[in-house]
Amino acid sequence: MNQNITEYKNELNEFQMYYCKASIRNGYYIVNGDEGFYHFIGKNSCYSIPELLHPEDVEVFLEAAGKLKERPQRLLARIRSDGDQYIYVYMVLRLNGRLFGGFHSFDIEICDIMAITERYVECVELLEKYHEFLAMFPGMFLEYDFATDIVKVYEYRNNRKKSILHEELESIYARIQEDGRLSNAQKAEFRVLYEAARNGSDRIKAGLDAKVFHERSENIRYECKLHTTYKEDIRDKVVGLVFVTSEKKPKKRYYLTEEAYDAGTGLLNKRAIHEYALEKMQEEAKGVYLAIMDVDDFKKINDGFGHMFGDEVLAKVSEVIRSVLKSRGVAGRFGGDEFMIVFEGIDTQETLCRILETIARHVGWAFSEVEGLSVTMSMGISKYPEDGTAYEELFRKADKCLYVAKAEGKNRFVLYNEDRHSAVVNEEATDRWIGLKANISDAEKYTVISELMLKLHDEGKSALHFTMEQMQVYFDIDGVALYVGKEMARVDSVGKYMNPVQNLTCIYEEAYQEYFDEQGVYMEDHIQRLENKAPAAYHMYAQQEVKEMIQCAVMAGNGPLAVVSFDFFNRAPKLGKTDKGLIKIAGRMMAQIIADEWGLL
């Protein structure tokens with residue numbers, strides 16, 4: 001089968017068939033199909049499926065059909081269309097429960113693999129567009145599912161669906177009939193809606209009191225417009241719009257008003273994003289994170305390129321944030337070049353990190369062609385309710401993490417961690433932390449390393465722990481660990497390690513030792529690379545939350561004798577050539593002293 005399908009794709013011309021479905025009887029003949037299928041097959045619908053398939057694909061199809069009692073089958077095949085042209089398709093075969101002369105009938109779902117990309121992109125674009133339309137509608141939306149008896153009422157705000165009601169129709173009906181606050185006339189009104197939904201009546205209008213949806217609503221009236229949809233000739237859902245018809249309207253939250261948006265970026269303003277964050281916490285929403293971020297060295301951008309260009313940078317950053325964020329949260333501008341995102345429904349920390357990394361990369365890419373300019377962002381993040389249940393507490397922790405990100409070299413994000421950052425939340429401690437790290441020059445680092453080398457030479461083993469602490473501070477290292485002996489036991493460490501490795505036995509694996517150069521140094525800037533070649537080591541470091549590391553070892557014929565590991569937790573450190581070179585010098589001497597002091601040399 002030809003792997004380059006460019007010419008094949010061009011030959012299809014205007015042919016389009018995204019998806020269709022048919023039912024198959026004995027002899028593999030077509031017994032029924034949807035309109036899309038008959039449009040695709042056309043005059044060839046009289047043939048059996050094996051007769052329509054390319055001769056090379058028949059055996060695979062028959063083999064799959066023979067396994068349907070085990071589970072649904074999926075395959076790629078070429079099938080003849082109405083124009084007698086073989087089309088590459090993705091097929092799903094599954095039993096439908098019908099018998100034809102002892103033959104177990106099955107359904108075939110067919111998707112044109114040439115159109116998958118185009119169709120997916122088109123559907124995503126349509127979905128985003130319709131979400132915008134839905135968010136502009138001032139009322140609510142209603143769905144009733146015949147199969148589950150579930151009624152859903154919801155509204156769209158800021159591209160997110162907010163549930164108002166999710167309950168079985170029978171349960172709602174019983175509750176309303178027993179509600180002493182409602183008059184007989186109000187109950188009768190709901191009965192009209194109930195019967196219309198139950199019977200699948202089409203194009204129905206019905207009045208409704210707001211108390212049905214909101215227990216505390218008074219003197220608010222709704223009008224519902226309902227329509228029934230069908231799926232495979234069976235009633236599927238009742239869908240409808242719910243309008244407010246009374247003069248009294250539900251009070252609109254500020255972040256939903258026209259005044260809530262920042263003119264320069266189109267994001268929510270400071271008051272609105274603050275209100276939105278409070279609401280999410282009051283609702284005890286799931287997967288809520290608070291992210292504070294700003295553009296690194298924005299003043300230099302303004303000074304070097306002008307304030308008008310600076311405004312363009314902020315506008316583009318806001319576009320990137322909205323484009324990547326989609327319906328997973330809401331963003332606001334806090335002032336100047338500072339932004340805040342309230343994430344919602346984020347299932348894992350990995351998902352959050354992926355979103356933040358995508359934002360950072362897209363911002364950098366947007367200005368990559370501007371000579372002399374590099375636009376990066378720093379971010380600080382806290383999580384509700386793990387890091388705090390009050391907005392002020394969450395904001396303070398996220399804000400301090402932003403400053404830590406700045407101190408660690410910018411162009412990164414820092415997630416709040418109680419063990420690592422609790423002291424940093426103290427204002428004075430933060431100032432000292434930032435002041436120290438922001439002002440360390442390369443010359444000072446050379447001096448520090450020289451002094452540490454002399455101390456190690458004079459004092460040996462007793463100077464190791466002090467050296468580790470100094471290396472951690474002056475080179476922005478999260479953790480330093482020493483391993484020695486046949487068991488590669490951890491004999492000392494500094495830093496807040498999560499699930500610390502007690503024995504670095506993975507270093508004896510041949511695949512792992514290949515990473516070390518002739519000087520016994522291994523520098524890894526992405527731990528993910530170990531997953532396939534050295535999986536034991538990868539899982540060991542992943543549990544420690546180590547993302548990057550520099551390891552210095554003393555090697556012997558049978559493997560390493562001692563190892564010094566400089567570790568960076570869940571971040572990419574901003575290390576220059578000078579930093580890496582000095583770390584290697586110190587690490588090699590430290591490893592030599594460990595091996596010597598433990599009598600291994």
Side-chain angles (χ1 to χ4, degrees), residues 287 289-291 343 346-358 360 378-384 386-387 397-398 400-425 433 437 468-469 471-473 475-483 488-490 492-507 512 515 522-552 563-575 579 583 587:
Y289 290 85
L290 206 66
F343 290 94
I346 304 299
D347 52 355
T348 65
Q349 184 172 300
E350 288 74 17
T351 299
L352 176 72
C353 293
R354 187 171 61 248
I355 297 171
L356 296 174
E357 287 175 356
T358 303
S378 296
M379 315 176 193
I381 304 97
S382 58
K383 185 181 182 182
Y384 171 87
E386 286 83 346
D387 300 330
K397 290 179 177 178
K400 294 306 178 185
C401 285
L402 169 62
Y403 281 99
V404 171
K406 294 287 189 184
E408 291 180 349
K410 306 175 185 178
N411 190 24
R412 68 197 64 213
F413 58 84
V414 173
L415 280 72
Y416 181 78
N417 180 289
E418 184 69 22
D419 292 334
R420 299 174 197 160
H421 303 130
S422 58
V424 181
V425 173
W433 173 279
K437 295 197 172 184
M468 294 161 66
E469 292 177 330
M471 293 292 293
Q472 185 184 24
V473 171
F475 292 89
D476 188 23
I477 300 169
D478 293 323
V480 184
L482 309 182
Y483 303 92
M488 272 295 129
R490 177 191 291 245
D492 197 7
S493 65
V494 295
K496 300 287 187 179
Y497 281 90
M498 301 290 289
N499 305 308
V501 173
Q502 299 303 325
N503 297 91
L504 197 68
T505 51
C506 63
I507 201 169
Y512 189 88
Y515 288 106
Y522 169 30
M523 303 179 70
E524 180 57 73
D525 59 6
H526 205 304
I527 211 72
Q528 192 76 31
R529 277 197 280 266
L530 289 171
E531 186 171 14
N532 293 325
K533 194 171 181 180
Y538 167 72
H539 291 296
M540 192 177 290
Y541 293 128
Q543 288 180 351
Q544 280 197 144
E545 298 187 0
V546 171
K547 185 175 182 180
E548 297 193 18
M549 62 187 180
I550 299 175
Q551 291 186 341
C552 302
V563 177
V564 181
S565 187
F566 302 95
D567 301 318
F568 302 90
F569 305 147
N570 281 333
R571 66 184 179 93
K574 198 170 183 179
L575 296 175
D579 295 316
I583 291 172

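None of these values were measured; they are calculated from a predicted model.
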Legend entry - Qualifying residue for side-chain contact (heavy atoms from CB on, under 4.5 Å) with Phe566, from Gln551, Met471, Glu548, Met549: Met471
Inset, instruction - For Tyr416 and Cys401, indicate whether the former's side chain and the latter's backbone hold a donor-acceptor pair under 3.5 Å. - result: no
Legend entry - Close side-chain approach of Leu482 and Met468, heavy atoms under 4.5 Å: yes
Legend entry - Straight-line distance of Met540 CE to Ile527 CD1, nearest 0.5 Å: 11.0 Å
Inset, instruction - Write down the atom of Leu352, the atom of Ile346, and the distance for their closest heavy-atom approach. - result: N-CG2, 3.8 Å
Inset, instruction - Answer whether the closest heavy-atom distance between the side chains of Ile381 and Leu356 falls below 4.5 Å. - result: yes
Legend entry - Residue of the set Val501, Thr505, Ile507 for which side-chain contact (heavy atoms from CB on, under 4.5 Å) holds with Tyr483: Val501
Inset, instruction - Just say parallel, tilted or perpendicular for the rings of Tyr522 and Tyr515, cut-offs at 30° and 60°. - result: parallel
Legend entry - Asn417 CG to Lys383 NZ distance, which is reported to the nearest 0.5 Å: 12.5 Å
Legend entry - Under 3.5 Å donor-acceptor, Arg412 side chain and Lys410 backbone: yes
Legend entry - Donor-acceptor contact present, side-chain Ser378 to main-chain Asn411, <3.5 Å: yes
Legend entry - Phe568 CZ to Lys547 NZ distance, which is reported to the nearest 0.5 Å: 12.5 Å
Inset, instruction - Report yes or no: does Asp387 contribute a side-chain atom to a donor-acceptor pair with the main-chain N or O of Ser382 at less than 3.5 Å? - result: no
Inset, instruction - Check whether any side-chain heavy atom of Lys533 lies under 4.5 Å from a side-chain heavy atom of Tyr538, and answer yes or no. - result: no
Inset, instruction - Carefully, step by step, assess Tyr289 and Gln349 under the rule side-chain contact (heavy atoms from CB on, under 4.5 Å). - result: CA-CA 10 Å; Tyr289 290 85; Gln349 184 172 300; 4.2 Å; yes
Inset, instruction - Could you grab the distance from atom CG of Leu415 to atom CE of Met379, nearest 0.5 Å is fine? - result: 11.0 Å
Legend entry - Atom pair CD1 (Ile583) and CD1 (Ile550), whose distance is rounded to the nearest 0.5 Å: 4.0 Å
Inset, instruction - Measure from the side-chain N and O atoms of Tyr497 to the backbone N and O of Asp478, and report whether any donor-acceptor pair falls under 3.5 Å. - result: no
Inset, instruction - Evaluate the criterion side-chain contact (heavy atoms from CB on, under 4.5 Å) for residue pair Glu418 and Lys397; output intermediate values, then yes/no. - result: CA-CA 10 Å; Glu418 184 69 22; Lys397 290 179 177 178; 4.1 Å; yes
Inset, instruction - Kindly compute the distance separating CZ (Arg490) from OG (Ser565), expressed to the nearest 0.5 Å. - result: 8.5 Å
Legend entry - Exercise: do Gln528 and Glu531 side chains pair donor with acceptor under 3.5 Å: yes
